[in-house]
Amino acid sequence: MNLDSLLRSEIQKAITALFNQSVEQLQLQPTNAEFEGSHTLVCFPLTRISKLKPEETGNAIGQYLVEHSGMVSRYNVVKGFLNLVISDSVWVKVFESIYANPNYGITPATGKELMVEYSSPNTNKPLHLGHLRNNFLGYSVAELYKAVGYNVHKVQIINDRGIHICKSMAAWKLYGNGETPESSGLKGDKLVGKYYVEFDKNYKAQVKQLQEKGVAEADAEKQAPIMKLAVDMLQKWEAKDADTVKLWSTMNGWVYSGFDSTYKRMGVDFEKLYYESNTYLLGKEEVLKGVEKGIFFKKEDGSVWVDLTADGLDQKVLLRSDGTSVYMTQDIGTAILRFRDFPKIEGQIYTVGNEQEYHFKVLFLILGKLGYEWAKKCYHLSYGMVDLPSGKMKSREGTVVDADDLMQEMVDAARVQTLELGKIDDMTKEEIDELAEMIGLSALKFFLLKVDPKKRMMFDPNESIQLQGHTGPFIQYTHARIKAILRKAASMNIVADQNSLQKVTGLEPAEHEVIFKINQYTNKLQEAAREYSPAIIANYAYELAKEYNQFYQAIPIFNESDADKLKFRIAFSEVTANTIKKAMALLGIRVPERM
RNA sequence: GGCUUCGUAGUACAAUGGAUAGUAUUUCAGAUUCCGAUUCUGAAGAUGCAGGUUCGAUUCCUGCCGAGGCUACCA
């Protein structure tokens, strides 16, 4: 039973009775704190059919509702705003229906399917802060769609081939002395990343040396021996040279096992991985088919292009003159392959940074031109860059924040602060570790998810480890404190039941506010999925926790002498805790029983 | 240059075309005989500039100023 839709239909009835007309869209909004009431009807748009001033329209509807609808007990009109006071019996009924439904908020399976791609890093460098935003976003959006009834497939494309990995391979071969993750104890992705940096360092030195000998810069860049080695390796790899492929697969293996442990700590998962090395040739076939059908065209030099000038874009190359694929070609193939693998998905969500907006615009247009209906259902979940207080993250300037280091830093800070509070002195070391992990990652995830994905954001490491304010740990704390209340209630054998809930009257304003928030959960979920925005859920969870804290501060629960009211408040606290827990789970954030 | 996204308190973030623009942080002033004060209450402080549409604009439109991104036979 959704309070808002009930109220809407009552208002519709009033409008029909009073003005003999109906309205498609009612503007209902939460009442400002300074006025009495919880729901406010905006009356300005209704004056057209009421033929009355906004105030008079509000009064007429308000009076009708009080007289004819059991829902509204009082009303007041301020300018053109009709503020409605919902009667306690309705609040209690709304609460009861939520309390009775353990799956409150969740849409049952609809049979619809969807694919979400996220992460998709290159294999030459460890994951950094930007990847954290990507992974948390993609994971959360996938969870949001599950919650609204979709069967969701989480995937990623791994860019495992190309010159970038060959650079690491070349440097390792020259300077590695056979180093392995086992021999040096270095995490696999870090080790490969180290040689990528090593490549860059030596490459630059060699170019400089050549230039000093009078070689022009452009030539020097091509002649540098280490670059020649890397290019040579790429060619050998494409020719399937056994030794090169072996080294490639060994080094990629190191990276994958490094990534795996990072993903595990992040708490993200994938149903299926796609590898560029397996799919990069598939797009070529489709592109050549497109040429036959006249969708694409071939230039004199043999390169293949698509003309998107009619769509307001440019011409875009799809195959080089030597016949090799570009990134776009591979993405065409991968998309088609995915719909073959999962024929029931209605679309794909690509979680990729906003610097590739143009790329995806082009990709979706091309897929449409190739006749794939599902192209319309593909969505680029574009997100803004993450900046640091010191400015942009730049690998060249060494200001990139490593994902593993950052997670560790957050967890360490969480441990220190939690121990200081001293509420967990009886916990074992393992329990404390687990708790620190939960809190540290919550600080990080919440900070990155509370901002609208589209927007560029600032990540301040110092601020983010503050475990107070508009943060994940604040919400976790609220949850843990409610759990303490519930433990106490259980020890006192206070058990809520439907019968005692029904007898409750005289709710406090703070209780209305919290029920109002809990009642919003379903709508917020729909909105968050529709907008592809975990930020909506993050802010919702925060508001709910804050609202409950106000109730908690204002109303002593166990001092209540009315047994029914006491039981109601316990049930009420329980529902709040569950809703917080479910909302946070959608963000990939766990909440502790104690902290 | 063309295309595109964004400019909200000192700082970081909110606001389906609706009320006196919310929240956090910061600063100041308060609250704990009571369920966990990492909490709560109060105060101070903001829509880049100029127009337009509207009963009403942070939101929509135009121009300007400022900041990103894209504009490769790179990925």
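In the text below, chain A, chain B and the rest are named by the order of the sequence lines, each starting its count at 1.
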Sugar-phosphate, base or nothing in reach of A:Y358, heavy atoms under 4.0 Å: sugar-phosphate

Sugar-phosphate, base or nothing in reach of A:D314, heavy atoms under 4.0 Å: sugar-phosphate

Residue pair A:F446 / A:I475: nearest heavy atoms and the distance that separates them: CE1-CD1, 3.4 Å

Between C1' of B:rU59 and CG of A:D452, the distance in whole Å: 14 Å

side-chain N/O A:R320 vs B:rC74 OP1/OP2, d < 4.0 Å: yes

Pairwise C1' distance, B:rU20 and B:rU25 [rounded to whole Å]: 23 Å

A:D562 and A:K567 ion-paired at < 4.0 Å: no

Residues in side-chain hydrogen bond (donor to acceptor under 3.5 Å, both in side chains) contact with A:Y350, at least two apart in sequence or another chain: A:Q348

Integer-rounded Å distance: B:rC13 P and A:E543 CD: 18 Å

Whole-Å P distance, B:rG66 and B:rC49: 15 Å

Student check: side-chain heavy atoms of A:E543 and A:K517 closer than 4.5 Å: yes

Note: A:D322-A:R320 ion pair, threshold 4.0 Å (strictly below): no

Short N-O contact, A:R8 and A:D4, less than 4.0 angstrom: no

Closest-nucleotide 5' rank along RNA chain B - winner of A:V326 and A:K450: A:K450

Pairing annotation in dot-bracket form, given for RNA chain B with Watson-Crick or G-U pairs under 3.5 Å and | for cross-strand partners: (((((((..((((....[...))))((((((.......))))))...(((((..]....))))))))))))....

Spacing between A:Q466 atom CD and B:rC13 atom P, to the nearest angstrom: 16 Å

Derivation of the side chain to side chain donor-acceptor pair (under 3.5 Å) call for A:S277 and A:D160: CA-CA 6 Å; A:S277 57; A:D160 61 345; 2.6 Å; yes

Atom-pair distance (CG on A:L318; C1' on B:rA72), nearest Å: 14 Å

B:rA46 and B:rU8, which share atom name P, separated by this distance in whole Å: 14 Å

Check: A:H470 ring centre within less than 6.0 Å of A:F447 ring centre: no

Distance in angstrom units between A:M457 CE and B:rA67 C1', rounded: 18 Å

Between B:rU39 (P) and A:I475 (CD1): distance, integer Å: 12 Å

Whole angstrom value for the distance that separates C1' of B:rA75 from CD1 of A:I163: 12 Å

A:F572 ring center near A:F551 ring center (under 6.0 Å): yes

Nearest-Å distance once atom C1' is located in both B:rU62 and B:rA19: 29 Å

Touch class at under 4.0 angstrom, heavy-atom based, for A:E527 against every strand present: nothing

Euclidean distance for C1', B:rG1 against B:rU11 (whole angstrom): 36 Å

Given A:I424, A:L435, A:T418, the one that forms side chain to side chain contact (heavy atoms under 4.5 Å, CB included) with A:P592: A:L435

Same-atom distance (P) from B:rA9 to B:rU47, integer angstrom: 7 Å

Aromatic plane relationship, A:Y196 with A:F199 - under 30° parallel, 30 to 60° tilted, over 60° perpendicular: parallel

Sequence neighbours excluded - side-chain hydrogen bond (donor to acceptor under 3.5 Å, both in side chains) pairs with any residue from residues 480-489 of chain A: A:R481-A:N549

Check: A:S120/A:Y274 side-chain N/O donor and acceptor closer than 3.5 Å: no

Taking only N/O atoms, report every protein-nucleotides 29-36 of chain B pair under 3.5 Å with atom names and distance.
| unit_1 | atom_1 | unit_2 | atom_2 | d |
| --- | --- | --- | --- | --- |
| B:rC35 | O2 | A:I557 | N | 3.2 |
| B:rC35 | O2 | A:F558 | N | 3.3 |
| B:rC35 | N3 | A:I557 | N | 3.0 |
| B:rC35 | N4 | A:Y552 | O | 2.2 |
| B:rC35 | N4 | A:I555 | O | 2.9 |
| B:rG36 | O2' | A:Y477 | OH | 2.9 |
| B:rG36 | N1 | A:M595 | O | 3.0 |
| B:rG36 | N2 | A:M595 | O | 3.0 |
| B:rG36 | N3 | A:K423 | NZ | 3.4 |

Qualifying residue, where the test is side-chain hydrogen bond (donor to acceptor under 3.5 Å, both in side chains) with A:R590 and the options are A:H479, A:Q476, A:E434: A:E434

Distance below 4.0 Å between A:Q550 side-chain N/O and B:rU41 OP1 or OP2: yes

Sugar-phosphate only, base, or nothing, as touched by A:N549 at under 4.0 Å among non-hydrogen atoms: sugar-phosphate

Geometric class of the A:Y542/A:F474 ring pair [parallel <30°, tilted 30-60°, perpendicular >60°]: tilted

d(NE2, A:H359; P, B:rA75) in whole Å: 10 Å

Exercise: identify the closest heavy-atom pair between A:W305 and A:V317: CE3-N, 3.4 Å

Letter per nucleotide, 5' to 3', of nucleotides 17-24 of chain B [B base touched, S only sugar-phosphate touched, - untouched; heavy atoms, 4.0 Å]: -BBB--SS

Same-atom distance (C1') from B:rA50 to B:rG45, integer angstrom: 26 Å

For nucleotides 1-10 of chain B, give me every protein contact, N/O to N/O, under 3.5 Å, one pair per line with atom names.
none

Pairwise P distance for B:rU32 and B:rU41, with rounding to whole Å: 15 Å

